[in-house]
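Notes follow once the structure below has been shown.
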Amino acid sequence: MSDNKPALRAAIKAVRGTRDLLPDQTPLWNRVEATARAVFARYGFGEIRTPIFEDTSLFARGVGEETDIVGKEMFTWEDRARAASEKAQSLTLRPESTAGVVRAYIEHKLGETGHLQKLYYIGPQFRRERPQRGRYRQFWQIGAEVIGPQSSGAESPLRDAEVLEMLAAYLNELGILDWKLELNSVGSAEDRARYNAALREALAPVKDKLCADNQRRAETNPLRVLDSKDEADQEIINALPKIADFLSPDSRAHFDAVLAALDACSVPYTLNPRLVRGLDYYTRTTFEFTVTTGLGTQNALLGGGRYDGLSELLGGPRAPGIGFAIGEDRLILTLQAQAEQDERAKHEAELIARGLWSPGVMSHIETERQLLPAKRYPLLDAYIAPLGPAQNPAALALAHDLRAAGLTIEVGDGSFKLRKHFDTADTLARHILLLGEDELATNTVTLKTFATGMQTKVERATLLAALRP
Ligand code: HAM
């Protein structure tokens, strides 16, 4: 016996570590991005868009074979069409954008202009990390790179300070005030080679006491041991030699000049000798901005630094550079947590002032549920309600005219009951426009404004003026 029920199918979900951003979230994302564009433009940056996937060797060479990113976090595949031919190519979803930007700089010979290139980007990045709050497999970065031939001043400590000052200005403009800038210099490639040798030597006698990950790093890339968060290893790590003692006079002078310029423009910073960062291309200045609100353990809001040898590593001309990438997801989490805190404080003060709540009487959550209006999307200007199917075409035509005049409009359907029109309109829009046989015959609409409860018949000719906020 067969029954005719359709087979139950499991619903397909977004892949682990990826997220949908719904319309109640995207306005904040857009504000953060628009502010970045406006602030970066003031500093002379132009936008660059590079591909989302690149040749795998770009990251292997640029970011470094021994890094966690390249070693275990990349989404890599063999290009299917070409796999069998001599053109076989391994491709990778970009885990970061600096390598791609420098590749583009080389490919388009941007250095030949002789000018400093100031480039920014906003887009998704991909890393196969263990997902948690603030850490995703597809995440967004807002980043910028300053790169150019030596004659363009790309190596100047002034560029480092300018980039840091711009970041401070950006975060302040967004209203993030609890940021902390941590700063270090990892020296030139030669300084780092000497430091690495010293670390290896210092780690050799204590290596067995470290966790498995750090034992491996002590062999392959001892610098990485420094940014380990493993609690049990901290005592050993704190006793390791400091990079500051291995800087050449040149590197020292460069770093001192960065600090002096930051002092001159009043950007506060904290020196962190353990800040070596998880990518191999860094030379000299490295930095991170952390925040205390909203991020928990993933408190690095952004990171960056200088990469004076990256262009040459990728087969290009000498082109010193410095840049950063902000974790946009983390920026949003911080802003949301901050807004919640502010809202809560404001709301509490209001309730106490109105004698409606005093701490301890009713749970705060309960009170909030009773008194806070439901959250909704930004209100539309008007909702058009055709009162019968015959008015549907006229409703759409009216919506067209009003939208063309710049208003935000939603249109219902003539099959809806009047109650449904009103309920929907009330949650979506400031006004409802009723369009029935009578209105069509007299070239009018019936307009009701929810804030005042006023309802009037309005001539089509004066409707626009009546609707403008
Ligand atoms: P990064 O430190 O690997 O540096 O990443 C920069 C920022 O991206 C981090 O501080 C964090 O906020 C965010 N981020 C990283 N991984 C994730 C993740 N799985 N989920 C959410 N957010 C994440 C770079 O990417 C360098 N390219 C920065 C740079 C530019 N250096 C010089 N120029």
Side-chain angles (χ1 to χ4, degrees), residues 16-19 21 29 32 40 45 48 50 54 58-59 62-64 67-75 93-105 117-147 154 159-160 163-164 166-167 171 176 179-182 184 186 224 227 275-291 294-311 313 319-335:
R16 193 168 125 83
T18 71
R19 299 183 300 153
L21 302 173
W29 285 73
V32 155
F40 298 174
F45 282 79
I48 183 168
T50 61
E54 300 263 6
L58 174 69
F59 305 114
V63 175
T67 60
D68 280 354
I69 295 178
V70 174
K72 49 186 191 193
E73 294 171 0
M74 295 204 302
F75 290 96
L93 288 179
R94 64 183 186 196
E96 61 102 56
S97 284
T98 309
V101 170
V102 175
R103 178 202 48 70
Y105 171 91
Q117 300 295 310
K118 290 176 133 180
L119 308 163
Y120 79 86
Y121 50 86
I122 299 175
Q125 317 288 335
F126 306 85
R127 296 183 195 175
R128 189 184 275 111
E129 295 199 79
R130 200 163 49 77
Q132 62 184 79
R133 182 180 167 84
R135 199 207 273 156
Y136 310 101
R137 291 186 165 182
Q138 174 172 339
F139 59 99
W140 269 256
Q141 284 186 342
I142 300 177
E145 314 292 346
V146 180
I147 181 170
R159 304 272 71 107
D160 307 40
V163 158
L164 292 166
M166 177 171 89
L167 280 165
L171 296 179
I176 294 181
W179 54 261
K180 179 173 160 201
L181 162 58
E182 298 191 24
N184 190 25
V186 294
R224 289 277 75 77
D227 54 19
L275 188 74
V276 290
R277 312 259 309 120
L279 303 93
D280 278 354
Y281 49 61
Y282 289 115
T283 53
R284 305 206 269 203
T285 314
T286 53
F287 57 86
E288 272 178 17
F289 281 64
T290 57
V291 285
L295 292 185
T297 50
Q298 304 299 316
N299 70 345
L301 186 60
L302 68 94
R306 202 163 251 296
Y307 44 84
D308 293 341
L310 181 54
S311 172
L313 205 63
I322 178 162
F324 64 83
I326 304 169
E328 192 177 356
D329 307 73
R330 295 186 189 180
L331 192 60
I332 299 286
L333 284 173
T334 305
L335 285 168

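In each ligand, atom 1 is the first atom listed, and ligand 1 is the first ligand listed. Everything numeric in this text was worked out from a predicted model, so none of it was measured.
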protein heavy-atom neighbour closest to atom 5 (O) of ligand 1 works out as Q141 NE2, 3.2 Å
Student check: side-chain heavy atoms of L275 and D227 closer than 4.5 Å:
no
Using side-chain heavy atoms (C-beta onward) and a distance below 4.5 Å, is Y307 in contact with V102?
yes
Please check if the side chain of R159 supplies one atom and the backbone of G321 the other of a donor-acceptor pair under 3.5 Å.
no
Quick look: R137 vs ligand 1, heavy-atom contacts under 4.0 Å, and the answer is neither
Could you tell me whether R284 and D160 have a side-chain N and a carboxylate O separated by less than 4.0 Å?
no
Considering heavy atoms of the protein only, find what lies nearest to atom 13 (C) of ligand 1 and give residue, atom and distance to 0.1 Å.
G327 CA, 3.5 Å
Going by distance only, is there an N or O of A300 that falls short of 3.5 Å from an N or O of ligand 1?
yes
Region of Y282 that comes within reach of ligand 1 [heavy atoms, distance under 4.0 Å]
side chain
Note, T286 side chain near V276 side chain (heavy atom, < 4.5 Å):
no
For atom 20 (N) of ligand 1, closest protein heavy-atom neighbour
Y136 N, 3.0 Å
Are L295 and T290 close enough that some pair of their side-chain heavy atoms sits under 4.5 Å apart?
no
Quick test: of every protein heavy atom, which one is nearest to atom 27 (N) of ligand 1, and how far off is it to 0.1 Å?
E96 OE1, 2.6 Å
Between L295, L302, V102, flag the one that comes closest to atom 10 (O) of ligand 1 by a heavy atom.
L302
Is there a heavy atom in G305 that sits closer than 4.0 Å to ligand 1?
yes
Give the atoms of ligand 1, by number and element, whose distance to some non-hydrogen atom of L279 is under 4.0 Å.
3 (O), 4 (O)
Within a distance under 4.0 Å of any heavy atom of Y307, pick out the atoms of ligand 1 and give their elements.
32 (C), 33 (N)
Can you confirm whether L167 sits close enough to I326 that some side-chain heavy atom of one is under 4.5 Å from a side-chain heavy atom of the other?
yes
Atoms of ligand 1 close to E145 [distance to a heavy atom under 4.0 angstrom, numbered from 1]
30 (C), 32 (C), 33 (N)
Backbone or side chain, does any N or O of T98 fall under 3.5 Å from an N or O of ligand 1?
yes
So F40 and I142, do their side chains get closer than 4.5 Å, heavy atoms only?
yes
Determine whether the side chain, the backbone, both or neither of E288 has a heavy atom under 4.0 Å from any heavy atom of ligand 1.
neither
Between F45 and Y120, does the ring centre distance come in under 6.0 Å?
no
Of the side chain and backbone of R135, name the one, both, or neither that has a heavy atom under 4.0 Å from an atom of ligand 1.
both
Verify, without hydrogens or angle tests, whether T18 (side chain) and Q138 (backbone) share a donor-acceptor contact under 3.5 angstrom.
no
For R127, is there any backbone N or O sitting under 3.5 Å from a side-chain donor or acceptor partner on R137?
no
Check each heavy atom of Y281 against ligand 1 and say whether those closer than 4.0 Å belong to the side chain, the backbone, both or neither.
side chain
Starting from atom 14 (N) of ligand 1, locate the nearest protein heavy atom and write down its residue, its atom name and how far away it is, to 0.1 Å.
F139 CE1, 3.5 Å
protein heavy-atom neighbour closest to atom 7 (C) of ligand 1 works out as A325 O, 3.5 Å
Just to check, does G278 reach to within less than 4.0 Å of ligand 1 when the distance is taken from its heavy atoms?
no
Checking contacts here: is it the side chain or the backbone of L301 that comes within 4.0 Å of ligand 1, counting heavy atoms only? Could be both or neither.
backbone
Flag side-chain contact, heavy atom, 4.5 Å: R16 against R130
yes
Considering non-hydrogen atoms of the protein only, which is the closest contact for atom 4 (O) of ligand 1, and what is the distance?
R277 NH2, 3.0 Å
Between T98 and Y281, a side-chain donor and acceptor under 3.5 Å
yes
Could you tell me, atom by atom, which parts of ligand 1 come under 4.0 Å of a heavy atom of G134?
20 (N), 21 (C), 22 (N)
Do ligand 1 and E129 have nitrogen or oxygen atoms that lie under 3.5 Å from each other?
yes
For atom 11 (C) of ligand 1, what's the nearest protein heavy-atom neighbour? Residue, atom name and distance, please.
R330 NH1, 3.5 Å
In the structure I gave you, are the side-chain heavy atoms of F287 and L181 within less than 4.5 Å of one another anywhere?
yes
